[in-house]
Number of protein chains: 2
Amino acid sequence: MTDVLGATTRRREATRQKLLDAAAQLFAEEGLDAASVEAICERAGFTRGAFYSNFETKDELFLELCGRVARARVAAVRGRVAALEGDAQFPPLTADPLAIVRQILEVTADDRLGILLMSEIRINALRNPQLGAAYLAQDAELSEGVTQIVTDVAQAAGLKFRIPPAEAARLMLTVWESEATRGVMSGAEDAELSRRTSEGLARVAQLIIEPPLA
Amino acid sequence: MTDVLGATTRRREATRQKLLDAAAQLFAEEGLDAASVEAICERAGFTRGAFYSNFETKDELFLELCGRVARARVAAVRGRVAALEGDAQFPPLTADPLAIVRQILEVTADDRLGILLMSEIRINALRNPQLGAAYLAQDAELSEGVTQIVTDVAQAAGLKFRIPPAEAARLMLTVWESEATRGVMSGAEDAELSRRTSEGLARVAQLIIEPPLA
DNA sequence: GTCTATAAGTGGATAGAC
DNA sequence: GTCTATCCACTTATAGAC
């Protein structure tokens, strides 16, 4: 007990975080199975001893990582919702009212590695019921957040939708992921990736929004 | 040269097919890495010797499998298109004009294992440029086929779309995959899986089709 | 808390008998 | 064509030194 104030605990948490970050990169690049504990430790700047001092197994680390990623995404969306409802005045609602939805979806994983990590998590969630349930839960929460935003924007801008807001949100999430995936596959740089998802979402928005009786 | 007529060649092809089938199952269940050559051989009823007599490596088998799956999907869609354009008379175009699109999308991978295999192929395509290019090519061909069908149906039923047929087809493919994935994740049986994708596509159809001036 | 060393097991792949 | 036997690289995980 040389440490009364939890300094070692802070160090420990920093080590955990570095290991998690390194693991996230490697899981994205090579997949859960192909990424060895050795490689994770090497990238994080530790040896295996440190790893097994912090995590029981590689699977436990992966579970922890999934949780953190999910919480981060949900928190990002929640933050946007709160900011939106705090402001009486919205950002400019011009020709592209759903621009704000785009920004939200871009918050979390709008780069090559982020997409890959999400895909890796997803396929593991398909095989592992425990992970699957967690995945669906965070997906539902995300969807709910986006629904909230979509509803707010619609009301503020005086837009009418051709489908319920929840379906609209779901559709936007789906299209975003689809475009992002095909973008990564075609070797698009992060900038072009962003452009492609944007255009995809704009098309959906156009389809969803009831045209004004011009 | 005891074989002049290619009987051994046929046997060989049968062996290859069994190995490919067993591998497809295991890749779907456990993923490319986790599925050992040993396990593949065991399920196919051979030993490793037979495997390495037919394939250079596990990766080569996977590539071959990807090709076969892609060709099968494209062929299924092409077959539908041909059948559709051969008939002057369409199947009943009642309340649900895009039911036929549903049937097409269900042709190829409408069960748990099929979805999993597709997902496994997809994530590998995200990491391997060669696979990625092949994946995008088959995806484009598939999309083109569905576009063709959508166009045919629209013309025959006198429907107007709110977006170009190609975008409509893309959207249906995307929504189908999304629903199927979440269905598998929530542990849905094959029957319910089919129901969920159906409903998803019906919603998209409703959104896409220009409502008649009632 | 982190290191080294190592145990115990599994993987892909090859050689040669049948 | 398929089998058995085997090699070797590499993996996870543990034990114990520092």
Side-chain angles (χ1 to χ4, degrees), chain A residues 1-27 29-66 120 124 127-128, chain B residues 1-66 120 124 127-128 131:
Chain A
M1 288 287 188
T2 41
D3 170 42
V4 196
L5 288 170
T8 63
T9 304
R10 247 208 295 271
R11 265 185 75 83
R12 195 172 172 77
E13 178 54 36
T15 302
R16 280 178 76 89
Q17 189 59 52
K18 277 182 198 159
L19 285 167
L20 282 163
D21 288 345
Q25 286 177 28
L26 281 161
F27 291 158
E29 291 167 9
E30 314 177 348
L32 175 57
D33 287 333
S36 70
V37 174
E38 169 83 40
I40 293 168
C41 295
E42 188 183 357
R43 183 165 302 191
F46 300 102
T47 55
R48 280 197 291 273
F51 183 97
Y52 286 106
S53 164
N54 280 279
F55 301 96
E56 289 254 323
T57 64
K58 186 167 67 166
D59 279 352
E60 197 217 272
L61 178 145
F62 185 67
L63 205 63
E64 168 78 19
L65 181 63
C66 291
E120 183 64 23
N124 281 280
R127 298 201 179 102
N128 176 337
Chain B
M1 290 287 188
T2 42
D3 169 42
V4 197
L5 288 169
T8 64
T9 303
R10 246 208 298 269
R11 265 184 74 84
R12 195 173 172 77
E13 178 54 37
T15 300
R16 280 178 76 91
Q17 189 59 51
K18 279 182 197 159
L19 284 167
L20 283 162
D21 288 345
Q25 286 177 26
L26 282 162
F27 291 159
E29 291 168 9
E30 316 177 348
L32 176 58
D33 287 333
S36 69
V37 174
E38 170 82 43
I40 293 169
C41 294
E42 188 182 358
R43 184 164 299 194
F46 300 103
T47 55
R48 268 180 278 181
F51 183 97
Y52 286 105
S53 164
N54 280 281
F55 302 95
E56 289 254 322
T57 65
K58 186 166 70 165
D59 279 352
E60 195 216 275
L61 176 144
F62 185 66
L63 204 64
E64 169 77 19
L65 181 64
C66 291
E120 184 64 25
N124 281 280
R127 298 202 179 102
N128 176 337
L131 261 177

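Chain naming here is simple, since letters A, B, ... match the order of the sequence lines and numbering starts at 1 in each.
For residues 32-66 of chain A, the set of pairs meeting the ring pair (Phe, Tyr, Trp, His ring centres under 6.0 Å) definition, not counting sequence neighbours, comprises F27(A)-F62(A), F51(A)-F55(A). Sorted by first then second residue, the side chain to side chain donor-acceptor pair (under 3.5 Å) pairs that include residues 26-38 of chain B, not counting sequence neighbours, are E29(B)-R43(B), E38(B)-R48(B).
Between R12(A) and dG1(C), a side-chain N or O to OP1/OP2 separation shorter than 4.0 Å is present.
The interatomic distance linking F55(B) (CZ) with dG1(D) (C1') rounds to 14 Å, in whole Å. Between the P atom of dC3(D) and the CZ atom of R11(B) lies a distance of 10 Å, rounded to the nearest Å. Separating the CD atom of E60(B) from the P atom of dA13(C) is a distance of 11 Å, rounded to the nearest angstrom. The CD1 atom of I40(B) sits 14 Å away from the C1' atom of dA13(C) (whole-angstrom rounding). Regarding E13(B), its CD atom lies at a distance of 11 Å from the P atom of dG1(D), rounded to whole Å. The distance between atom CG of L61(B) and atom C1' of dG12(C), rounded to the nearest whole Å, is 14 Å.
Legend: residues meeting side chain to side chain donor-acceptor pair (under 3.5 Å) with T57(B), ordered by chain and number and at least two apart, are absent. Every residue meeting the side chain to side chain donor-acceptor pair (under 3.5 Å) condition with D21(A), not counting sequence neighbours, appears here in chain and number order: Q17(A). Residues satisfying the side chain to side chain donor-acceptor pair (under 3.5 Å) test with E42(B), not counting sequence neighbours, are none. N54(A) pairs by the side chain to side chain donor-acceptor pair (under 3.5 Å) definition with nothing, not counting sequence neighbours.
Annotation for K58(B) and I40(B): closest pair CD-CD1, 4.5 Å, computed over non-hydrogen atoms. Considering every non-hydrogen atom in both A35(A) and L26(A), the closest pair reads CB-CB, 3.9 Å.
Against DNA chain D, the stretch residues 14-26 of chain A makes no heavy-atom approach under 4.0 Å.
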Quiz item: Reading nucleotides 11-18 of chain D from the 5' end, what letters show protein touch, with B for base, S for backbone sugar-phosphate only, - for no heavy atom under 4.0 Å?
Solution: SBBB----

